[in-house]
Asker: 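One structure, as structure tokens, below. Some questions next.
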Amino acid sequence: MSRPLALRPARDFEQRSRAAVNDAAQRKNFRGAMDFLQQKRRAQFADEGELAALRDLGQAIRRYSLAHLPRLLEQLESKCTANGIRVHWAQTAAEANAIALDIARRVDAHRIVKGKSMVSEEIGFNHAMQAAGIEALESDMGEYIVQLAGESPSHIIMPAIHKTRQQIGELFAAKIPGAGYTEDVDALIQIGRRVLRGKFAQADIGLSGVNFAVAETGTLCLVENEGNGRMCTTVPRVHIAVTGIEKVVEKIEHVPPLLSLLTRSATGQAITTYVNLISRPRQPGEKDGPQEVHLILVDNGRSQAYADAQLRATLQCIRCGACMNHCPVYARIGGHAYGTTYPGPIGAIVSPHLLGLDTTYPLAFASTLCGACSEVCPVRIPIPDLLIRLRNEANARPGSAEASLRGSGAARNRVLTAIWSGWSLIYSRLGLYRLTSWLISRGHALSPVEQGAWTRSRTPLKPAARRLRDLLKDARP
Ligand code: SF4
């Protein structure tokens, strides 16, 4: 599980970012990977008209789902229950883990095999299970690599994107008994598969995430490329699906447009290798499938975003990662520098709700506001607007009307606040503005004509100030 930004969030974030920027090899890895993903996405959306229409549809479906979220969640619960899926509600990460642990203890589970699930990362599922003496093994290849390395994912779709094949070869040779060093990608995948294959049969519980939960039918939709998700959800006798409350949609026909946007934006695939639709546990006469299916619906701060008319758009996210792939900041510092489960632009807007603005506010400032993220977001989340709002919240006076989030005001700085208040006062009173301008213009005599070598090609300050003064004089009535 990735750790949230700690005691001195601004300084810690700065240190991590500085270290990442100075790591030339890692920067090269990320740059190459981001260029590759951008190019694959572009190839999928060659028809701009089709893309625009699909994004409109995706945005409309997500907005509709959120507008009706309480009703849809209730409908999902009753339909899942009728299908034989047991539904659990978790307000916090700790509650979600406690629910999973209760299930594990009841069925006397010792091993859990996991498909890819960012919500399980978010709640620290692996740590919670290991603390209780239960093995939780990642089966997605990228997740398996970072788990083996004792790291957290650096990308929400490609968790081990920061690693080269040489580094993975060394890791496998060091950690997997009998595995010699190789940097051949196919051979590395075969080694990982050999280890994981046996684990599915030994596992008591399979854990998965959910891409979309369909309220009308009680169906859990799950996409993946490796087949490990299907193994997790069918081989062990118990399947636990864990997801955020925002993943619900009303109808099964809402899924295909979102799926198309998701896979094309995420990995540049028209469709993933596997699309799993799970609606019930194994039925009499069926040859496979779990005997029990559980769905844990996790809030963990999402209600805070939901309650705010502007910040609710955060919950439209379908976790495609395209905003990260196109973010100039993410491409340079990578995922680990953020210190949160969700890095990049999506991490900057969602983490304050999950962890509090007091520990995550530097992320909102780690953006050039260039708008690349919102340009590629398949469900049109206005990410720069949300970042500006979070910056204002971070600087708001605690207790004021502007401070409405957990941890608002954490970035407030008395000196800066005094400077900007003075600035605002001067600009709002004409007499004061003229007096200040006059006083400042007196100061130009103190500045050197030439400030240094780098200014030689620029207009020297004194003549520039003189010209400005003449202009102001001419402009006076
Ligand atoms: S914010 Fe948009 S682009 Fe980023 S992960 Fe979510 S859906 Fe994808």
Side-chain angles (χ1 to χ4, degrees), residues 2 33-34 37-38 40-42 44-45 51-52 54-66 116-119 121-122 153-159 161 209-212 221 223 243-249 254-255 257-269 272 301-302 305-306 310-331 334-335 338 340-354 360 363-364 366-390:
S2 44
M34 296 305 106
L37 288 168
Q38 286 181 20
K40 285 196 73 177
R41 177 190 170 275
R42 255 197 313 277
Q44 276 297 328
F45 291 121
L51 171 61
L54 196 54
R55 288 178 80 202
D56 286 345
L57 184 56
Q59 180 190 31
I61 293 171
R62 290 305 295 134
R63 279 190 175 171
Y64 176 86
S65 307
L66 292 174
K116 191 165 173 351
S117 156
M118 287 310 293
V119 175
E121 289 285 340
E122 173 192 321
S154 59
H155 190 282
I156 62 171
I157 300 292
M158 304 193 175
I161 204 163
V210 176
N211 292 103
F212 307 106
C221 175
V223 295
T243 189
I245 52 172
E246 78 280 19
K247 291 288 182 71
V248 67
V249 294
H254 288 165
V255 172
L258 293 177
L259 263 190
S260 179
L261 284 167
L262 173 62
T263 62
R264 291 160 82 187
S265 303
T267 51
Q269 290 173 285
T272 44
R302 287 161 174 80
Y306 185 76
Q310 185 186 20
L311 299 176
R312 184 181 288 187
T314 310
L315 303 180
Q316 282 169 217
C317 179
I318 56 172
R319 302 288 191 268
C320 71
C323 55
M324 300 160 62
N325 303 343
H326 291 75
C327 174
V329 177
Y330 176 86
Y338 289 81
T340 47
T341 301
Y342 305 97
I346 177 57
I349 60 171
V350 78
S351 304
H353 304 294
L354 311 183
T360 57
L363 308 188
S367 168
T368 62
L369 301 181
C370 66
C373 48
S374 57
E375 252 175 53
V376 296
C377 178
V379 287
R380 296 191 193 278
I381 298 176
I383 298 171
D385 293 347
L386 303 187
L387 290 172
I388 291 169
R389 166 71 191 283
L390 290 169

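What's counted below: heavy atoms across the whole structure, side chains too, no hydrogens, waters or symmetry copies. We count ligands from 1, going down the list as the structure has it; atoms in each ligand are counted the same way. Remember, it's a predicted structure, so these values are computed and weren't measured experimentally.
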Asker: Side chains of Ile318 and Asn211: closer than 4.5 Å at any heavy-atom pair?
Answerer: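 Side-chain contact under 4.5 Å: no.
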Asker: Quick check on contacts: which atoms of ligand 1 are under 4.0 angstrom from a heavy atom of Gly321?
Answerer: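 Taking each heavy atom of Gly321 in turn, ligand 1 has 5 (S), 8 (Fe) under 4.0 Å.
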Asker: Got a sec: is Cys320 within less than 2.8 Å of atom 8 (Fe) of ligand 1 via an N/O/S atom?
Answerer: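 Here the distance criterion (N, O or S atom, under 2.8 Å) is met by Cys320, so yes.
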Asker: For a 4.5 angstrom cut-off between non-hydrogen side-chain atoms, does Thr267 reach Arg41?
Answerer: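 Result no, sub-4.5 Å side-chain heavy-atom pair not found.
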Asker: Spell out, as yes or no, whether a donor-acceptor pair under 3.5 Å connects the side chain of Arg264 to the backbone of Gln44.
Answerer: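 Yes: the side chain of Arg264 pairs with the backbone of Gln44.
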Asker: Step by step, would you call His353 with Leu315 a side-chain contact (heavy atoms from CB on, under 4.5 Å)?
Answerer: CA-CA 11 Å; His353 304 294; Leu315 303 180; over 6 Å; no
Asker: Taking both backbone and side chain into account, is any N, O or S atom of Cys317 nearer than 2.8 Å to atom 6 (Fe) of ligand 1?
Answerer: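 Yes, since at least one N, O or S atom of Cys317 sits under 2.8 Å from atom 6 (Fe) of ligand 1.
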Asker: Between atom 4 (Fe) of ligand 1 and Cys323, is there an N, O or S atom separated by less than 2.8 Å?
Answerer: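 Yes - counting backbone and side chain alike, Cys323 has an N, O or S atom under 2.8 Å.
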Asker: Check each atom of ligand 1 against the heavy atoms of Ile381 and keep those under 4.0 Å away; list them by number with element.
Answerer: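 The list of qualifying atoms is 1 (S).
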Asker: Just by distance, do the side chain of Gln316 and the backbone of Gln59 share a donor-acceptor pair under 3.5 Å?
Answerer: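 The answer is no, because no donor-acceptor pair under 3.5 Å joins these two groups.
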Asker: Under 4.0 angstrom from ligand 1, any heavy atom of Pro345?
Answerer: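 No, Pro345 has no heavy atoms under 4.0 Å from ligand 1.
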Asker: In the protein, which heavy atom is nearest to atom 7 (S) of ligand 1, and how far is it?
Answerer: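 Sorting protein heavy atoms by distance from atom 7 (S) of ligand 1 puts Ile318 N, 3.4 Å first.
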Asker: Just jot down the ligand 1 atoms closer than 4.0 angstrom to any heavy atom of Pro378, in number order.
Answerer: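 Answer for ligand 1: 2 (Fe), 3 (S), 7 (S), 8 (Fe).
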Asker: Does the Gln269 side chain pair with the main chain of Thr263, one donor and one acceptor, at a distance under 3.5 Å?
Answerer: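 Checking the backbone N and O of Thr263 against the side chain of Gln269, no donor-acceptor pair under 3.5 Å is found.
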Asker: At a 4.0 Å cut-off, with the gap strictly under it, does some heavy atom of Val376 reach an atom of ligand 1?
Answerer: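 Val376 does not count as a contact of ligand 1 under the 4.0 Å cut-off.
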Asker: Identify the closest protein heavy atom to atom 2 (Fe) of ligand 1: which residue and atom is it, and at what distance?
Answerer: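 Ranked first by proximity to atom 2 (Fe) of ligand 1 is Cys377 SG, 2.4 Å.
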Asker: Checking salt bridge (Lys or Arg N to Asp or Glu O under 4.0 Å) between Glu246 and each of Arg62, Arg319, Arg312, which is the one that passes?
Answerer: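 One option only clears the test, and that one is Arg319.
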